[in-house]
Amino acid sequence: MLAVLDLLLGAPLQLPEEEEEGPLKKSVRCHPFLRVRARPTRPDGFSLMAEPGGKMEEGKVQSADGLLAHLAALEARAHEEAVKREEKEQQEERLARLRARVQELRLQRDELRAKVDLQHKAQLGEEGLVSDPARPSARAVLGWKIESVKRMLQVFYLTGISGKLTRQGVCFCISTAYEGTYLDSYYLDLLTKAEVQIRRHSVPAFIPLEQIAKKYLQTDVRRFLSVLSDHLNAYAGRRYQADQLQEHFSDLIKGTLQRNSLCNLLVFNYNVSSESDAFPYSARLVYRDVCRSLPTEVVVSTTPEAPAPLAEAAAAHSDLFRRVAVHEAFRSFRDTGAGVAAALASPP
């Protein structure tokens, strides 16, 4: 029976032998999608149809490249901020060491002054220049003043005051600075006669030089120079802040910054974002203590129809102006970002 069926059906179809199938061929043969979508080929054997899933793989590669580029940019930005932060910390440490050194030198200066004064008084007593300690002679007073001036030429050099002896007295130079930045120098030429007199000077007219001289010049020259230096340094610091504000943050200020000659009054309208054309804040900074570079009275106001968040921001600005320099306050406004400022300035 089987033989008859073989004859009727003919010999079984012989298929050409195939090479041993590897794992890849097996997976291709078993995948129904790949078997149905057979790929036509060119005469040279290359495929005319892209591999299934090729576009998806290409998209994944592009997405991975974009992610890596974004991560690289974030890493570069983080590195830059870390470098800036490290430089700022180093600068603060260096400034702290310098301040500690200045304080130490001032203590040493005071001790040396006391010792030199005692020695000088003892010498005057031995030489008979002072017959009555309660009423020293004019010659003794003049000699003491000259010696005191010579000592001050060395001591005051550490505090920004230097000088040199002249034929008629001594010429002092008072150098001013603000937060490590050298600013201006002012000169004072003194006549060391029986009564110390100011021959000429370059001190601005709005500095109360005559009042300071009347109070300290004849009794304590060191105190006179110290008080005058405090006035000049405070004025230079206030002027430096106003100049920095006008130079670097003019886009946040409406018009020109209003200030007087002593720079103890600043008035300006401002905004915290350069993206907005409105200037909703009005500031008035008063420096009643002319020996300080920070204001003693600050008023920041807004328009009556301003929203509540804007009024709260004005109160925060007023507190900030009292604690830090005005240009540093504006730098913090800019670092905060324009988005917050725009949200505060927009009406509800």
Derivation and outcome, side chain to side chain contact (heavy atoms under 4.5 Å, CB included), residues F268 and K254: CA-CA 7 Å; F268 53 91; K254 182 180 180 180; over 6 Å; no
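- Counting non-hydrogen atoms of other residues, nucleotides and ligands closer than 6.0 Å to CZ of R284 gives a total of 12 or fewer.
- Y178 and G237 get closest at one heavy-atom pair: CD1-CA, 3.7 Å.
- L95 contributes atom CG, which lies 13.5 Å from atom CD of Q90 (distance to the nearest 0.5 angstrom).
- Between L320 and S332, some side-chain heavy-atom pair lies under the 4.5 Å cut-off.
- The side-chain heavy atoms of K214 and E210, taken from C-beta on, include no pair separated by under 4.5 Å.
- Taking SG of C173 as the start and CD1 of I161 as the end, the distance is 9.5 Å to the nearest 0.5 Å.
- Look at D251 and R334 and you find a salt bridge, because one of the NZ, NE, NH1 or NH2 atoms lies within 4.0 Å of a carboxylate O, short of that distance.
- With rounding to the nearest 0.5 angstrom, the CZ atom of R222 is 5.0 Å from the CZ atom of R113.
- Under 3.5 Å, the side chains of T176 and N233 contain no donor-acceptor pair of N or O atoms.
- Sorted by first and then second residue, the pairs that involve residues 71-81 and meet salt bridge (Lys or Arg N to Asp or Glu O under 4.0 Å), not counting sequence neighbours, are E80-K84.
- Within the 4.5 Å cutoff, no side-chain heavy atoms of L257 are placed close to those of Y270.
- One N or O on the side chain of R238 and one on the backbone of R292 form a donor-acceptor pair closer than 3.5 Å.
- Here the shortest heavy-atom pairing between Y281 and T302 reads CD2-CG2, 3.7 Å.
- Using a 4.5 Å cut-off on side-chain heavy atoms (C-beta onward), N271 and P280 make contact.
- You'll find the ring centres of H317 and F333 inside the 6.0 Å limit.
- A distance of 9.0 Å separates CG of L245 from OG of S250, quoted to the nearest 0.5 Å.
- Hydrophobic clustering (side-chain heavy atoms under 4.5 Å, transitive across Ile, Leu, Val, Met, Phe, Trp, Tyr) groups V324 together with I253.
- H201 has its side chain within reach of L209: a pair of non-hydrogen atoms, C-beta onward, lies under 4.5 Å apart.
- In this structure, E104 places its CD atom where more than 12 heavy-atom neighbours from other residues, nucleotides or ligands lie under 6.0 Å away.
- The minimum heavy-atom distance between L266 and A242, with the atom names listed, is CD2-CB, 4.2 Å.
- The list of salt bridge (Lys or Arg N to Asp or Glu O under 4.0 Å) pairs with a residue in residues 307-322, not counting sequence neighbours, reads D319-R323.
- Linking Ile, Leu, Val, Met, Phe, Trp and Tyr residues whenever their side-chain heavy atoms come within less than 4.5 Å leaves L98 and L105 in two separate clusters.
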Stepwise side chain to side chain contact (heavy atoms under 4.5 Å, CB included) test for L265 and Y287: CA-CA 6 Å; L265 175 63; Y287 303 77; over 6 Å; no
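- Remark: C291 SG to H231 NE2 distance equals 3.5 Å, nearest 0.5 Å.
- Criterion: ILVMFWY side-chain heavy atoms under 4.5 Å apart, direct or through other members. Under it, L232 and Y216 are part of a common hydrophobic cluster.
- Hydrophobic cluster membership differs between V267 and V300, with clusters built from Ile, Leu, Val, Met, Phe, Trp and Tyr side chains linked at under 4.5 angstrom.
- In plain terms, the two heavy atoms of T192 and G169 that are nearest each other are OG1-CA, 3.4 Å.
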Residue pair L188, V170: steps toward the side chain to side chain contact (heavy atoms under 4.5 Å, CB included) verdict: CA-CA 8 Å; L188 193 69; V170 60; over 6 Å; no
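- Side-chain atoms of S293 do not come within 3.5 Å of backbone N or O of Y235 as any donor-acceptor pair.
- With respect to R259 and D243, a salt bridge is recorded, a charged nitrogen being found less than 4.0 Å from a carboxylate O.
- Environment of OH in Y182: crowded, with over 12 heavy atoms of neighbouring residues, nucleotides or ligands closer than 6.0 Å.
- Using a 4.5 Å heavy-atom threshold, the side chains of L285 and V326 count as touching.
- Remark: the E179 side chain and the Y240 side chain contain no N/O donor-acceptor pair separated by less than 3.5 Å.
- Of all non-hydrogen atoms in A283 and F321, the two that sit nearest each other are CB-CE1, 4.4 Å.
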Residues L190, I198; criterion side chain to side chain contact (heavy atoms under 4.5 Å, CB included); working and verdict: CA-CA 5 Å; L190 299 181; I198 300 176; 3.7 Å; yes
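- Rounding to the nearest 0.5 angstrom, the gap separating the CG atom in L217 from the CG atom in L225 is 8.5 Å.
- Contact of the Y186 side chain with the F172 side chain is not registered, since no non-hydrogen atoms from C-beta on lie closer than 4.5 Å.
- The two residues N269 and S282 come nearest to each other via the heavy atoms OD1-OG, 2.8 Å.
- In Q91, the CD atom is not crowded: 12 or fewer heavy atoms of neighbouring residues, nucleotides or ligands sit closer than 6.0 Å.
- A chain of hydrophobic side-chain contacts below 4.5 Å, direct or via other Ile, Leu, Val, Met, Phe, Trp or Tyr residues, connects F206 to I212.
- For the pair R288 and N264, the minimum side-chain heavy-atom distance is 4.5 Å or more.
- Remark: D289 pairs with no residue by the salt bridge (Lys or Arg N to Asp or Glu O under 4.0 Å) rule, at least two apart or across chains.
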